[in-house]
Amino acid sequence: MTPGNPKKKRTDLTALVNQALRSKGLALPENEDEVAAAERRIANEAPAPLPARLQSPWGFLTAKGRELPSRPPVGPSVNDGFEQELARAARSGSKLTDEVQERMRQDRRAAESEIAENDQED
Amino acid sequence: MDAKRVRLQTFAEDLDEDLLAYVAMKDGESSEQAAAEFYERHKRFLYSLLLSGGFARVLGGSDALEDVVLHAFADAFENAAAYRPCGSGDAVKQRRACRNWVVGIAKNLIRNALCRRVSVVAEVVLDDSCDLVVDAAMSDAQQSELQRIVGEVLDGMSEREQDVLRTTMLFYKPGEQHQRLPNDVAKSLAERLATTPENIRAIRKRAFAKLKIAVEAKLKGTQEGRR
């Protein structure tokens, strides 16, 4: 109940955001019902290929008795905007902008010249 | 390795909690094989859960995410004796109880990994005592509608805002008016987003203000539509 109006009450927005993130799979499940919901959600997604490190049934032995390695945070890529544009175009099937097409041509030229340089070194 | 693979079959019929009981016995190779069977059953779930939740980005890359999966299972097996059975003989219930337990271990590892990157131990107070005023006699359906609206507003937020909310929510403590974030986590997140810890607080504050305005507007629209 709010002091002014007994028909109204306050509800915690932070708790609502936390619940919404969990129901979207952007925060980790906190109970068995949420695990069940996560299982259903994952079953409906295209299965992600399991990385090589996780494929062996004995992979967990490599972590046994060791501390989780400390890895530095990765900053935003300088290509973020470019990559997002590519991802957007891939999702929607839309045409790439001239700017992105030019960037792709530049990347291709850079990759080709790098290969040529490597060939010369060999 | 082949011999181990053959022996792995012997645990294929066992329920998840029985596997953990075998692991807890720390009976050499037999416990290791029970652990391997358990790992095979649940690793894809944990990996997919972390991957689809965007935790590779939170942790700083796919290698870090794989580390968390491997270490979550290694820690679970090391502490298998601490697992409290769910009290059901049903395979599905046991599976979900075990996965919930492993996810809890992974969550702690993620929190610790984020805290370890910078050695200063202090907390940033996140001033977002952001309450919504709603009908006192809110039904369950209205409550779900409210959650749906919050989810919809979240979808419309930038990746940066979602990233800040997602990371700070890893440290969410229910019922506390002022949520806190370890200083080092704020620093690490700021580094990742190429900004300052003060700005992280500001991004979160703005995100909450945006959420509050959008949710209140939608609630108002829904209530007016009902009249």
For chain B, find which of [options] contributes the most heavy-atom pairs closer than 4.5 angstrom.
options                : result
E39(A), R41(A), E34(A) : E39(A)
A38(A), P29(A), A43(A) : P29(A)
L54(A), L21(A), D33(A) : L54(A)

Does the ring center of F38(B) lie less than 6.0 Å from the ring center of F77(B)?
-> yes
Of the listed residues ([options]), which shares the most heavy-atom pairs with chain A below a 4.5 Å separation?
options                        : answer
K107(B), R148(B), M169(B)      : M169(B)
A35(B), A106(B), S62(B)        : A35(B)
K93(B), E78(B), K43(B)         : K43(B)
C86(B), A76(B), S48(B), G53(B) : G53(B)
L50(B), D155(B), V153(B)       : D155(B)

Looking only at heavy atoms, what is the nearest atom pair of [X] and [Y], with distance?
X       : Y       : value
A36(B)  : W58(A)  : CB-CZ3, 3.4 Å
V150(B) : V215(B) : CG2-CG2, 3.9 Å
S52(B)  : L26(A)  : O-CD2, 4.5 Å
R166(B) : G54(B)  : NH1-O, 3.3 Å

Checking [X] against chain B: side chain, backbone, both or neither under 4.5 Å from a heavy atom?
X      : result
K24(A) : side chain
I42(A) : side chain
Q55(A) : backbone
S23(A) : neither
E32(A) : both

At a heavy-atom separation under 4.5 Å, does [X] approach chain A through its side chain, its backbone, both, or neither?
X      : answer
A72(B) : neither
Y47(B) : side chain
L49(B) : both

Can you measure from OG1 (T62(A)) to CG (L70(B)) and round to the nearest 0.5 angstrom?
-> 4.5 Å
Report yes or no: do E29(B) and Q33(B) form a side-chain donor-acceptor pair below 3.5 Å?
-> yes
Testing R96(B), R95(B), R41(B) for side chain to side chain donor-acceptor pair (under 3.5 Å) with D16(B), which one passes?
-> R41(B)
Full working for side chain to side chain contact (heavy atoms under 4.5 Å, CB included) between R44(B) and L50(A) = CA-CA 7 Å; R44(B) 183 173 280 283; L50(A) 211 54; 3.7 Å; yes
List the steps and the verdict of salt bridge (Lys or Arg N to Asp or Glu O under 4.0 Å) for E30(A) and R22(A).
-> CA-CA 8 Å; E30(A) 283 181 3; R22(A) 293 209 312 266; 3.3 Å; yes
